[in-house]
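So the structure is just underneath, and the comments pick up after that.
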Amino acid sequence: MLQVAYIRENKDAVLEGLKKRFFPNPEVIDEIIALDDERKSTQGALDDLRAESNRVSKEIGQLFREGKRAEADALKDQISGSKDETKRLEDAFNAIEAKMEELLLSVPNIPHSSVPAGKNEADNEVFQAWDKPMPQLFDGAQPHWELASKYNIFDLELGTKITGAGFPLYRGKGAKLQRSLIQFFLDINTDAGYEEIMPPLLVNADTARATGQLPDKEGQMYHCERDELYLIPTAEVPVTNIYRDVILDPSELPIKLTGYTPCFRREAGSYGAHVRGLNRVHQFDKVEIVRFEFPENSYKALEEMVAHVSGILDKLELPYRILRLCGGDMGFTSALTFDFEVWSAAQERWLEVSSVSNFETFQSHRMKLRYRDENKKTQLAHTLNGSALALARIVAALLENNQTPEGIKIPAALQRYTGFDLIS
RNA sequence: GGUGAGGUGGGUGAGUGGCUUAAACCACCGGUUUGCUAAACCGACGUACUGUAACAGGUACCGCGGGUUCGAAUCCCGCCCUCACCGCCA
C-alpha cells in the first residue's frame with residue numbers, strides 16, 4: 001500500500017508509474033488526494049471539539065472536588081449539546097478513512113524506473129538470455145508426466161483419488177528427489193547467510209492482509225472458514241509477517257530468512273495442455289528467501305538475490321533465462337521483478353521457477369515494519385523476496401532434460417542428497 | 001472441550017469513574033562527576049495522525065470491537081489471546 005504523503009509529493013511520478021502498468025483508473029489518485037484533504041479538515045474540527053470537551057470535563061471534575069455542584073451541573077448542560085456534533089464528525093471521519101483505505105488498496109506499487117512499460121508477458125524484457133547449448137533429446141524422449149508413470153516417481157491420478165486434481169503424489173525415487181531438492185536449496189541458502197525458518201502453514205486474516213493476499217487475492221487461497229484461517233500460497237506470507245508491527249534497531253538490518261513450505265493455490269484459472277503434469281498444481285513445494293533491508297541497500301540486495309538464484313540453477317545444470325517483468329505483468333505489490341524460467345526440453349517451453357522482487361515500502365507500510373534511523377525517527381524498511389526455488393517445475397525440467405534411454409540422470413550437485421545418480 | 005486466573009509503555013508492575021499529564025522500579029539514551037570502568041546524581045525516554053518555517057500545541061491509543069457518562073485503563077456487553085489444572089490427543 002502506498003503512503004498518502006508519498007502520493008501527494010510524487011503525484012506525477014505515481015501517475016507515470018501507473019501508466020507503465022496500464023492501470024485502468026488513474027483518477028483514483030486525485031480522489032485520494034481530495035479525500036485526504038477532507039480527512040485533514042475533518043480531523044482538525046474533531047480534534048478541536050474533543051479538546052474543548054476534555055477541557056470542560058476536567059473543569060467539571062475540579063468543581064466536584066471543590067463541592068461546587070451547581071456550577072458543575074451547569075457546565076454539564078453546556079457541554080452535552082456538543083455530543084451529537086462529535087458523534088457526527090466521528091462517523092464522517094471513520095467513513096473517510098474507510099474509503100481512503102479502500103482506494104489505497106486498489107493502487108498497485110509504482111514500478112522502478114528500469115521496468116519496461118507493457119501490458120502482459122509478451123512485453124517482458126529478456127534480461128539475461130541462455131547462450132549455451134540446449135539439451136538435445138534422443139528420439140522417443142517424453143514429457144515429464146509420461147516419465148512419471150514410466151519410472152513410477154509421481155502419480156497424479158492417485159493424488160486425484162485421494163484429494164482432487166492438482167495434488168500430486170510422489171513416490172519412491174520421486175519422493176526422495178523432492179526431499180533432496182528441498183535440502184539442497186535450504187543448505188545453499190543457509191550457507192549464503194539466510195536463517196532457516198519453519199513457519200506455520202495456516203495463517204490468520206491479519207497476516208494474509210499484511211502481505212497483500214487479502215482482500216484482493218482472496219480467491220487464490222484455500223480458506224478454512226470454521227477457524228477463519230488460510231492455507232499459505234507461499235512461505236512469503238508467514239515469514240514476512242514475523243516482522244509485522246515491529247520497529248527494528250538499525251543494527252538488526254539486514255535480515256535474511258529462508259524457509260521451506262508446501263504452497264497451496266486454488267488457481268481458478270485455465271485448464272488444458274499447458275497445465276498438464278507438474279506445470280501448474282494446487283499443492284507444490286517451495287523454498288523461499290526473504291530479506292528486510294535499508295532503503296538505500298535494497299536494489300543491491302535484489303541483485304544479490306538474482307545472482308544467488310542463478311548460482312543454484314547453474315549447480316542444477318538447467319538452461320534458464322531471466323526476464324525483467326514489464327509493468328503490466330508485474331505483481332500488484334512489486335516495484336521490480338525478475339522471473340527465472342527453465343527450459344523444459346520435451347515440452348519445448350520455458351517454465352517459471354522463481355520470481356525475485358523488491359517491494360520497497362509497499363508491504364512494510366501495510367505491515368508497519370519500521371526501523372529507527374540515526375535521528376531516532378521511524379522509517380519504513382524495504383522488503384524483498386524470491387523463490388530459491390519452486391520444486392514442481394524444477395522437477396519437470398530435470399526429468400525431461402536429463403532423460404536418456406537408460407534412465408534419468410541426476411545432476412552431480414544433487415547426488416550426495418539423493419544417494420543415487422540415475423532414475424531407472 | 002471444562003473450570004479458574006489474567007491481558008497496562010522495551011521489561012517488571014501500581015492503578016475500582018475526575019487528585020493520572022498512566023505511579024514506581026529496571027533497561028536504553030544524553031549529561032555531571034571520574035586515570036578507565038562501575039557506582040551515584042540529574043535529565044530525557046512510546047506509536048500514529050494533526051500542526052509549525054522549525055519549536056510549541058492538539059487528538060487518539062492501557063488485548064480487540066461496541067456501549068454508559070460531562071468525563072472510562074477503571075463500569076456494562078461481545079470477541080480474541082495467555083497461563084494453570086482437568087479431559088482428549090501425535
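Within every chain, numbering begins at 1; the chains are lettered A, B, ... in the order of the sequence lines, protein sequences first and strands thereafter.
Ring centroid separation for the pair A:His308 and A:Tyr194 comes in under the 6.0 Å cut-off. For an aromatic pair to be called close, the ring centres must be under 6.0 Å apart, and A:Tyr222 with A:Tyr230 fails this. Centroid-to-centroid, the aromatic rings of A:Tyr243 and A:Phe292 come within less than 6.0 Å. Under the 6.0 Å cut-off for aromatic ring centres, A:His112 and A:Tyr299 qualify, their centroids lying closer than that.
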What is the per-nucleotide protein-contact pattern of nucleotides 68-81 of chain B, from the 5' end, where B denotes a base atom under 4.0 Å from a protein heavy atom, S denotes such proximity for sugar-phosphate atoms only, and - denotes neither? --BS----------

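We find that CG of A:Asp91 is positioned 14 Å from C1' of B:G67, with the value rounded to whole Å. Summarising the geometry, the separation between CG on A:Asp245 and C1' on B:G10 is reported as 14 Å, rounded to the nearest angstrom. Across the protein-nucleic acid pair, A:Leu46 atom CG and B:C61 atom P stand 11 Å apart, rounded to whole Å. A:Gln379 has its CD atom 12 Å from the P atom of B:U47, to the nearest Å. One can place CG of A:Leu89 at 15 Å from P of B:U59, the figure rounded to the nearest angstrom. Rounding to whole angstrom units, CG of residue A:Leu49 and C1' of B:A60 are separated by 14 Å.
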Run the salt bridge (Lys or Arg N to Asp or Glu O under 4.0 Å) test on A:Lys87 and A:Asp91 for me, step by step, so that the C-alpha distance in whole Å, both residues' side-chain angles and the decisive distance to 0.1 Å come before the verdict. CA-CA 6 Å; A:Lys87 179 75 182 148; A:Asp91 290 346; 3.7 Å; yes

Test ring pair (Phe, Tyr, Trp, His ring centres under 6.0 Å) on A:Phe127 and A:Phe338 and set out the steps. CA-CA 8 Å; A:Phe127 175 74; A:Phe338 292 99; 4.8 Å; yes

Decide yes or no on salt bridge (Lys or Arg N to Asp or Glu O under 4.0 Å) for A:Glu59 and A:Arg55, but give the supporting numbers first. CA-CA 6 Å; A:Glu59 210 174 312; A:Arg55 194 188 61 73; 3.1 Å; yes

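In terms of phosphate contacts, A:Arg372 brings a side-chain nitrogen or oxygen within less than 4.0 Å of OP1 or OP2 of B:U47.
Applying the salt bridge (charged side-chain N to carboxylate O under 4.0 Å, His left out) criterion to A:Lys119, with sequence neighbours excluded, gives no partner residue.
Taking a pair to require two hydrogen-bonding distances under 3.5 Å in either a Watson-Crick or a G-U wobble arrangement, B:U12 pairs with B:A24. The base-pairing partner of B:C36, taking Watson-Crick or G-U wobble contacts with both distances under 3.5 Å, does not exist among the strands shown. With a 3.5 Å ceiling on both atom-pair distances, the Watson-Crick or G-U wobble partner of B:A48 is B:U59. Figure legend. B:G17 is base-paired to no nucleotide; pairs are counted as Watson-Crick or G-U wobble with both atom distances under 3.5 Å. In this entry B:A54 has no Watson-Crick or G-U wobble partner, no candidate having both defining distances under 3.5 Å. The partner of B:U74, taking Watson-Crick or G-U wobble pairs whose two distances both stay under 3.5 Å, does not exist in any strand shown. Using the Watson-Crick or G-U wobble rule with both distances under 3.5 Å, B:U68 pairs with nothing in any strand shown. In a base pair of the Watson-Crick type (N1 to N3 plus N6-O4 or O6-N4) or a G-U wobble (N1-O2 and O6-N3), with each distance short of 3.5 Å, B:C41 is matched with B:G31.
With both ends at atom P, the span from B:A23 to B:C77 equals 30 Å, rounded to whole Å. Here the separation of B:G6 from B:U21, taken at their C1' atoms, is 28 Å to the nearest Å. Taking the P atoms as reference points, B:U59 lies 44 Å from B:U3, given to the whole Å. Comparing B:G15 with B:A24, their C1' atoms are spaced 11 Å from each other, to the whole Å. Nucleotides B:U20 and B:G71 are separated by 13 Å at their C1' atoms, to the nearest Å. Nucleotides B:C81 and B:A44 place their C1' atoms 35 Å apart, quoted to the nearest Å. As rounded to the nearest Å, B:U52 and B:G57 have P atoms that lie 15 Å from one another. Across the C1' atoms, B:C45 and B:G11 are found 14 Å apart, a figure rounded to whole Å.
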What protein N or O atoms touch nucleotides 48-54 of chain B N or O atoms at under 3.5 angstrom, if any, and at what distances?
| unit_1 | atom_1 | unit_2 | atom_2 | d |
| --- | --- | --- | --- | --- |
| B:A48 | OP1 | A:Arg370 | NH1 | 3.4 |
| B:A48 | OP1 | A:Thr378 | OG1 | 2.6 |
| B:C49 | O3' | A:Arg39 | NH1 | 3.3 |
| B:C49 | O2' | A:Arg39 | NH1 | 3.2 |
| B:C49 | O2' | A:Gln43 | OE1 | 2.5 |
| B:C49 | O2' | A:Gln43 | NE2 | 3.2 |
| B:C49 | O2 | A:Gln43 | NE2 | 3.1 |
| B:U50 | OP1 | A:Arg39 | NH2 | 2.7 |
| B:U50 | O4' | A:Gln43 | NE2 | 3.4 |

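Both A:Glu52 and A:Asn94 lie near RNA chain B, and the one whose nearest nucleotide falls closer to the 5' end is A:Glu52. Residue whose closest nucleotide on RNA chain B sits further toward the 5' end, between A:Asp48 and A:Lys377: A:Lys377.
Between A:Lys40 and A:Asp37 there is no salt bridge, since no side-chain nitrogen of the basic residue lies less than 4.0 Å from a carboxylate oxygen of the acidic one.
Using a 4.5 Å cut-off on side-chain heavy atoms (C-beta onward), A:Cys263 and A:Ile232 make no contact.
A 6.0 Å sphere centred on CZ of A:Arg8 holds more than 12 heavy atoms belonging to other residues, nucleotides or ligands.
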